[in-house]
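Here the structure comes first, spelled out in structure tokens, and everything after it is commentary.
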Number of protein chains: 2
Amino acid sequence: MDVAEGRGGLEKRSGATGGMSANGKPDAPPEGPQGAPREGLRERKRRETLRRITDAGIRLFIEKGHDATTLDDIAAAAGISRRTFFYYFKSKDDILLSLQSGLGDMIVAALRETPPDTRPLDAIRAAIVKVCATIPADDMIVIDRLMRSSPTVQARKQASYVQHEQALFEALRERWPDPQRETRLRLLAMLAVGAMRLASDTLSREGGKRPIIDLLHEAFDALEAEI
Amino acid sequence: MDVAEGRGGLEKRSGATGGMSANGKPDAPPEGPQGAPREGLRERKRRETLRRITDAGIRLFIEKGHDATTLDDIAAAAGISRRTFFYYFKSKDDILLSLQSGLGDMIVAALRETPPDTRPLDAIRAAIVKVCATIPADDMIVIDRLMRSSPTVQARKQASYVQHEQALFEALRERWPDPQRETRLRLLAMLAVGAMRLASDTLSREGGKRPIIDLLHEAFDALEAEI
DNA sequence: TTGAAAATTACACTGAGTGCGATAATATTT
DNA sequence: AAATATTATCGCACTCAGTGTAATTTTCAA
């Protein structure tokens, strides 16, 4: 019983990127032409199973703690075999990590959709705010708490911030390719990811008292004032 | 065979903090009064064993790769039982991580020994440079390469940077307690750790062509120019 | 010397993750 | 519709990391 109780949204997970992005099997649907892709039975089942695994995992992590939850528990609760679990996720930890790993790409995508004449830092801020706004605060807090309960997961989460920073930097450089400013862009990427970290930490520390958007703007304002 | 070959210093490891810093058993010697602490047989043996384990681990990681090296291999090569390994290290990965984890404390310590009238950023830079100067470049590169060969170790390494940042921030705040500047100190800690990361990455990428000190100053200069 | 503390070990156990191969479900082609 | 390919599911056996326990030996201190 490491992490227990937990209030709001839990049966209606939302911004889950899906599993196995780095593995090879799922996460690459047939993709019909366009308009009415039809989505196929297989697709639907796959996503349902993915969802069932994720929900079962999170529920059990909350109920019994991360370490005390075995893969057999999760598989049983999700109605699949232990072996099938590994068809969807590379590891137990990836249940939680998969909810975080898509962030980097989402931010980069949002950055690209930003008006052409925006200043770099404003563009980054807008992209991050836009992405974070789509994630329910309750989910964010629950996931964050669970991640803290396992050192390995926590470490991988922090490592993913480094990935985000790298991806962000590359996206920035692609858009503002002036070599003179490369260092500045690197600094901005650091700063932006730092602001995300600060906001996320504060959100968890406060238990969701203030909305993540406010915390993000606050962090950006504070750091921007010092630059 | 993930990571193979490896040139220079390997039998003469140096900046190893020792094991189990977070566990509970070793790493807390009886500590004689002062002057000639006498060091005791027990101490000496403990450190020798620690060294044997570390050297055996690193050698095997290089020879056969991180994953292909089992704890039995390491224990056998170090002349101890498998069970005794866990008396010295919490996990296989900690062999590598222990070489990194002491950095934070060393930097904080060096920061405290800095002249009283130094500017924060200069103090940080001096502290980091001082600590990094004590670590042989060859060791740094080998360790870094090994760490990259295991995703878990790599993640934990990056997580340790976050710890360093936090420790650094707290040390700074302790010395410049003005609440007005708290955000700036946080930014400086981010920046400093970022500079370390940049320098360390470049060192590995270049294979040690330029000394770490130069790279550090370069990174600090570049980032400082943008602030 | 004697008794406490620390170090070493064996043994047995849990649980994560993998390789292999079989079978069933879905999709695609003819 | 039947044949064929692809994908999903599963079981089994295996390796290996890591832990709990308890016994034994080595070092230290009184």
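Just so it is clear: chains get the letters A, B, ... in the order the sequence lines come, proteins before strands, and each one is counted from 1. Keep in mind it's a predicted model, so treat the numbers as computed, not measured.
Atom NZ of B:K45 is separated from atom C1' of D:dC28 by 13 Å (rounded to the nearest Å). Straight-line distance from the CG atom of A:L41 to the C1' atom of D:dT7: 13 Å, rounded to whole Å. Between A:F89 atom CZ and D:dA8 atom P the separation is 14 Å, expressed in whole Å. When the P atom of D:dA8 is taken as reference, atom CG of A:L50 falls 11 Å away, rounded to whole Å. Rounding to whole angstrom units, CD of residue A:E43 and P of C:dT26 are separated by 13 Å. The CG-P distance, from B:D94 to D:dT19, rounds to 10 Å in whole Å. Rounding to whole angstrom units, CD of residue A:E48 and P of C:dA25 are separated by 16 Å.
Between B:R148 and B:D201, at least one side-chain N (NZ, or NE/NH1/NH2) sits under 4.0 Å from a carboxylate O, which counts as a salt bridge. By the 4.0 Å N-to-carboxylate-O rule, B:R52 lies too far from B:E48 to be salt-bridged with it. A salt bridge is absent between A:E43 and A:R47; no separation between the charged side-chain nitrogens and carboxylate oxygens falls under 4.0 Å. Using a cutoff of 4.0 Å between basic side-chain nitrogens and carboxylate oxygens, B:E165 and A:R197 are scored as salt-bridged. A salt bridge is absent between B:D144 and B:R205: the closest approach of a Lys/Arg side-chain nitrogen to an acidic carboxylate oxygen does not fall below 4.0 angstrom. For A:E63 and A:R59, the salt-bridge test passes: some basic side-chain N is under 4.0 Å from an acidic carboxylate O.
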task: Classify every nucleotide of nucleotides 14-21 of chain C by which part a protein heavy atom approaches to under 4.0 Å, writing B for the base, S for the sugar-phosphate alone and - for neither, in 5'-to-3' order.
output: -SSBBBB-

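Of the candidate nucleotides C:dT9, C:dA7, D:dC10, C:dT9 has the atom lying nearest to any side-chain atom of B:T84.
Going from atom CD1 of A:I80 over to atom CZ of A:F86 covers 10.0 Å, rounded to the nearest 0.5 Å.
One donor-acceptor pair, N or O on each side, does fall under 3.5 Å between the base of D:dT6 and the side chain of A:R42.
A close approach under 4.0 Å does occur between a side-chain nitrogen or oxygen of A:Y88 and OP1 or OP2 of D:dT9. Checking the phosphate oxygens (OP1, OP2) of D:dT9, no side-chain nitrogen or oxygen of A:Y87 falls inside 4.0 Å.
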